[in-house]
Every structure is written in structure tokens, then in C-alpha cells.
Visitor: 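My questions will all concern the structure given below.
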There are 2 protein chains.
Amino acid sequence: MTSERVTMVAIAQAAGVSVPTVSRVLNGRDGVSPRTRERVEGLLRERGYRARHAQHSALIDVVFPEITCAWETEHIRGIEAAASAAGVGIVVNTLWGGGDATGQLLRRLRGGRTDGVILAAQSGTDAMRTALSSLNVPVVALDPASPVSAEIPTVDAANWAGGRSATRHLLGLGHRRIAMIAGAPNLRCSRTRLDGYRAALDEGGVAYRPDLVEHGNFDFGSALAAGLRLLDRADRPTAIFASCDRMALGVYEAARRRRIPIPERLSVVGFDDLPGASWASPPLTTVRQPLRDMGGYAAGALLSLVRGEPLTTPYVEMTTSLVIRESTAPPH
Amino acid sequence: MTSERVTMVAIAQAAGVSVPTVSRVLNGRDGVSPRTRERVEGLLRERGYRARHAQHSALIDVVFPEITCAWETEHIRGIEAAASAAGVGIVVNTLWGGGDATGQLLRRLRGGRTDGVILAAQSGTDAMRTALSSLNVPVVALDPASPVSAEIPTVDAANWAGGRSATRHLLGLGHRRIAMIAGAPNLRCSRTRLDGYRAALDEGGVAYRPDLVEHGNFDFGSALAAGLRLLDRADRPTAIFASCDRMALGVYEAARRRRIPIPERLSVVGFDDLPGASWASPPLTTVRQPLRDMGGYAAGALLSLVRGEPLTTPYVEMTTSLVIRESTAPPH
DNA sequence: CTGAAAGCGCTTACAG
DNA sequence: CTGAAAGCGCTTACAG
């Protein structure tokens, strides 16, 4: 490793050809005889040639606040598939990981090493967003925590419709005392799902009762605590709609602790349809967000922005759908 | 977007300075007056300057066969944290995603756009591995499916010890009819965990019974089926050790279907300690693999290889540890 | 703190 | 199919 960097001239000399010929081989252009090409390729390998300058990166950056569960994973899968099909790689960044992710990303952008950025969840700090816009870098927001400036194309899920369909399903089964464990109230998706729940209740002629609404943090522990509070009430709800699958699992555990069988004595509905939803016992009825498709769509939109194509739809809301499994049943 | 690429000369002209000055600003070097720096930075932003050549990539590639569950996610988190702390970004690749990931990766490597590669799980096809070695690219294997050539530094988990400690735990609780649902037999980790199970049985003076060993695919469905077969036996086991957490959840579902309560009538132990293990009902007793640390270690090793430092330990096995939760109890 | 000059690694016409 | 030459975008001494 103390050796000098291998350059094209070194390869050319060793192969007894000119530098342009080596360049042609490297870039897979024709106009090189098979024999020459082979010899040069051999040398390239042997000496471990690595280009000094990258010319066009064919890379996009994805930034998450942090990676906590399958939610991010599903997005990554969708983005990776779409990007990879287009021949571009993805760089994944985490804002709260300790390193100076923002600085690195900006440096990469400045250095022309990446072509665009997908900002997932609440991931764009204001500082970062202004930096991005001043750099003229194509940006797409994926499932933003709060409304994003109109200039940034946004991909979202139909949260309102999802919250409504979950609640309608429970209503249709005959439930009347339906509790909800909502997500953090500062996130847009939490509020929207809660609105969907209220709308369904209204339509069903069931009065909205604020005391049946708990707030969690989209995590297991907060939902376990909220579930316990709900199940310990005298007028215990017969169904609980949790604002994400992980919180639904918290409700499962609360029910197990209170020896309340699901779905016989308690119906539970989640939101997301992460892979774990179907691995729960009983398999979880939940509102499916097409996370992977959302990621794929965001990547596609970003890539066309990178190509300089005008964006037709600046805001896309992708359909959610109820997946009925075994955690819901008519009230006992 | 039809505009010409913005070059440094354009910026220099607009700012009324020389090209070297712009270069200094771009690279954050000193020897530029604050006023000049500011003016140049403003222009850089305004015109959306993006470098034509990247010089040093500060990027590493991680390749997985595919991304299926939290297993990959945990590795990614560990790798991302370590890489990010060192100021380098990570590119995540998926081999079975449809796109030509191998080709892209190789192109990126050739183009000098990435500095090294982490091959996770069974992800290195032979073709890829030879290509990598002929390119002289630093490579580290993470949790390889099969023994890797001695030249590639490898990070692994103590699978044997893990399988043994899971089984010893059950033995210690008084179980004698302990079944195992092993992973796919062609994977090294599957065989090693099974060996650990056998070793513990031997030490405990309990005869190994091949009929109590089922083989799954590390997925939910195969474990559900295997669990059902096991639970439908006349001499039903009192405990089942599943070779990964996802398969343990399959056993949970099998037990639910047969109305066998966990842990009262059946103890279950998993392997991995993915986040979902503690979100199961009851929370799952499992063998913890330090997935994140393994990823971090692999990234660190790769980075020092990239720096040209000699590698001290070519093979590292990281400790596994039993995490006792609520899915295990003495047999009834 | 700044720029003219030389240089680097590579690519692009062009000529043969 | 190949190379001499010009050129590109950038960086690196060096001089002031």
C-alpha cells in the first residue's frame, strides 16, 4: 500500500499502447481489438487500477432520521429496487447516528458524487433543506412528518383513508367502544389517521370519546402502557386501533398480561402492514401502507428530476388498504 | 436544465477571482479572505455548482443477497454508525433485486467511486469474489454462509456457543424433550447452532433424537409447519429451540393454533434477538447476536484495510449471549 | 490573501 | 484499430 497510485499512463506503458486506448477499454467503448482489450484488461486487474476521477456518480442519497424498524427497511427495499433497475446505487444516511451525516452528505453533494436526495420521514432539518435548495440538488420527500415546502415533490400514504377504513371495519363487526392509540401528535401522519378514525365514527353514528384516545410514540413500550390503561377501565373497549403495527404488538402484550384473548375478547387493528404483522399471534389485521412502492415511486421521481425532466405531479398520495387477518372478530 | 454545466471558471469569472481561489473555497482550505469566501460561496450556491470530478470517494459498499428482515437492518445500522463516524458513507446493494447489482458495483469500483466492500451473508457469488480480488479491492465478509477464502477477513458470531447456551438454559429448567427447528442445512450458521444444541444435550446426559429435529428455512411459514408437526406428536416436546427469532414466532403461532400456552405448556427459545423478540407476546427468550456490533466491527476492519493498515485478526467471532425473557419456564 | 503558471489524470476529436 | 495532439476541469506549488 506504499506503492504509488496506478494511473492510466502506467497501464498504457506496461501494455505498450497509448493512453487513449486504455481509456477506451476502461469505458467499454469500441474501436479496440479484442487482443488489445484483453491485454489491457489483464493489466488493469493485475495492477489494481482505480480511476482517480469519477465522472458521473449514478448515486442517490437517502436520509432517515434514524433506522428503528422495518418501516425504514421497506422504504429502502423499494428505493433500492427502483434505483438499481435504473443502474444507480443508493447511499443510506442516518441523521442521529452520531456522525456528522449532514456535513458528509453536503460534501458529497458539493463534490458531485451524488445526484439527488430522498428525505424520508422528519429527516430534513431546516438547515439541511436550505442547504439542499441552495445547491440546486433534486430532492424528493418521502412520508414527511410535517408539510413540506411546495417546491419539494412529496410521496405520502393515504393516512386519513387508512384510519377510516380500520375503524369502519371494527364498526362493521359490531364494535361500538373502539379505542385508539394514536401516534405522537406532532407528526402529520398521526393526526391524519386520528382524523380518519373520527370520521368513521361520525359516519357510523358513534359518538367520539376523547377519553378513549391514548397517545403513544409509535413504539412498543408506550403502547403497552396505553393498552394497559385502556384494558383496566371499567368500560373496557372491545376493540383497539393502534396507529402502527409496533404499537399493536404493545396492545397484544397488554392483553396477554390481562389474560384477555385476541380476538375473542378484544379486537386489534394496526397500521403499516410491516412483515411482522403476519408473524404475530394471532396474525394482525392492519392497514397496509405500500411502503415499498412508495420508496420506489420516490426513487423514480427523483431520477426523472435528475434527468432534468419536469415533474408532473408534485404530490402523490398512495393508496392504503385494509388487510384482514385474525386479530379482529365481532365483540363477545 | 438545458443550461451548460457550471464550471469553476464560470464561478471565478462571476466572482471576479481566479480559479484557484474558487478551488480553495470549495475545498474549505484557508488562505481566502472572509469576504471573498462569502461571495464565492454565494455564487456557488446560486449557480448550483457541482464538481465534475470527485476525487476521493469516502464510500464503502455493502452487499446483501436480499433484504428480508431486521437482520439486515441491524447490520446496516452498525455499519452506518461506524462508517459515518469515520466520515464515510455506505452504499447498500441487493443482489437479487432484479437490477444488475454486480455489474453496477464493479463499475463503481472500477470508477474509483467506492473504497471497499462488505459482503454480508451468502452474498458473494464466485464471479463477484474473483472480480473483487482481481481489482485489489479491500473486502470483508460478514456472517458468511459458507467458509470464505482465508484471504478475506471475516466477522462471525459465536453460533456454536449460542446454540449450546440456549439448550443448556432449557435443560437447566428441567426440560428433557427439547426439539429444535434448525435452519437450512446448507448454511454454516445453521449447522453450527445445531452442533451447539447437540453438545449441550450430550453434556446434560440427554440422548440426541434426530426425530426431534426439524429443518426450516429461517422463515415464518416453514417454522409454523414444523412447529405444528412437533406439537401434534404423541410425545410432544416441552420446549422448542428455533434457530432464529422469526422461526420462533412461527412456533408461537403453531402453539396458539393448538391452544398450548407459552411458557406454561411450551417453552420457546429463539436466536438473534432482533427488536421483534422483545415485542412478542410473551417476550421471547433468545440468543443475542451482536448484529450491530458485528456490522460496526466489519466496517472498522474494512476502513483500516482501505487505509492500507495490515489486518491483525483475519477472523473474528463475536460473543453471543442468552437473553432470558418470558417464553421459557420449567416444564409443567 | 491572491493569481499566473505548470501540472495531473483523463477524454475527445481527428488523422491515418 | 490506434495514437499524437489538443483540451477539460481541476489542483498544486510558487511568487508576491
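A, B, ... follow the sequence lines: proteins, then strands. Residue 1 opens every chain. Only this structure's heavy atoms are used, side chains among them; waters, hydrogens and symmetry mates stay out. These figures come from a predicted structure and were not determined experimentally.
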Visitor: Which range-with-range stems can be found for DNA chain D when each stem has 3 or more Watson-Crick or G-U pairs in a row and both distances sit under 3.5 Å?
Guide: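 Ordered by first number, the stems with DNA chain D (at least 3 consecutive pairs each) read C:1-3 with D:14-16, C:5-12 with D:5-12, C:14-16 with D:1-3.
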Visitor: Tell me: CE of B:Met8 to P of D:dC10, nearest whole Å?
Guide: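 It works out to 6 Å between those atoms.
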Visitor: Could you tell me which residues satisfy side-chain hydrogen bond (donor to acceptor under 3.5 Å, both in side chains) with B:Asn93, sequence neighbours excluded, listed by chain and number?
Guide: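 B:Asp61, B:Arg108.
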Visitor: Kindly compute the distance separating CD (A:Glu74) from OG1 (B:Thr73), expressed to the nearest 0.5 Å.
Guide: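 Going from the CD atom of A:Glu74 to the OG1 atom of B:Thr73 covers 9.0 Å.
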Visitor: Can you name the atoms? Protein N/O to nucleotides 1-5 of chain C N/O, anything below 3.5 Å, with the distance.
Guide:
| from | atom 1 | to | atom 2 | distance (Å) |
| --- | --- | --- | --- | --- |
| C:dT2 | OP1 | B:Ser33 | OG | 3.2 |
| C:dT2 | OP1 | B:Thr36 | OG1 | 2.5 |
| C:dT2 | OP2 | B:Ser33 | N | 2.8 |
| C:dT2 | OP2 | B:Ser33 | OG | 3.4 |
| C:dT2 | OP2 | B:Thr36 | OG1 | 3.2 |
| C:dG3 | OP2 | B:Ser18 | N | 3.1 |
| C:dG3 | OP2 | B:Ser18 | OG | 3.2 |
| C:dG3 | OP2 | B:Thr21 | OG1 | 2.8 |
| C:dG3 | N7 | B:Arg24 | NH2 | 2.8 |
| C:dG3 | O6 | B:Arg24 | NH1 | 3.3 |

Visitor: According to a strict under-4.0 Å criterion, is A:Ser23 in side-chain N/O contact with OP1 or OP2 of C:dT11?
Guide: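 Answer yes for this pair, as a side-chain N or O of A:Ser23 is under 4.0 Å from OP1 or OP2.
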Visitor: CE of B:Met318 to CD of B:Gln289: how many Å apart, nearest 0.5 Å?
Guide: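 The distance works out to 10.5 Å.
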Visitor: Give me the one residue out of B:Thr36, B:Val17, B:Val32 that meets side chain to side chain contact (heavy atoms under 4.5 Å, CB included) with B:Val25.
Guide: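 Among B:Thr36, B:Val17, B:Val32, the one that satisfies the side chain to side chain contact (heavy atoms under 4.5 Å, CB included) with B:Val25 is B:Val32.
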Visitor: If I take atom CD1 from residue B:Ile60 and atom CG from residue B:Leu305, how far apart are they, to the nearest 0.5 angstrom?
Guide: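 Answer rounded to 0.5 Å: 11.0 Å.
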Visitor: Rounded to the nearest 0.5 Å, how far apart are OG1 of B:Thr192 and CG of B:Asp156?
Guide: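 Here the interatomic distance stands at 7.5 Å.
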Visitor: So, taking the atom named CD1 in A:Ile79 and the one named CG in A:Leu142, what distance separates them when rounded to the nearest 0.5 Å?
Guide: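 Answer rounded to 0.5 Å: 5.5 Å.
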Visitor: To the nearest 0.5 Å, what is the distance between CZ on B:Arg24 and OG1 on B:Thr21?
Guide: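 That separation rounds to 4.5 Å.
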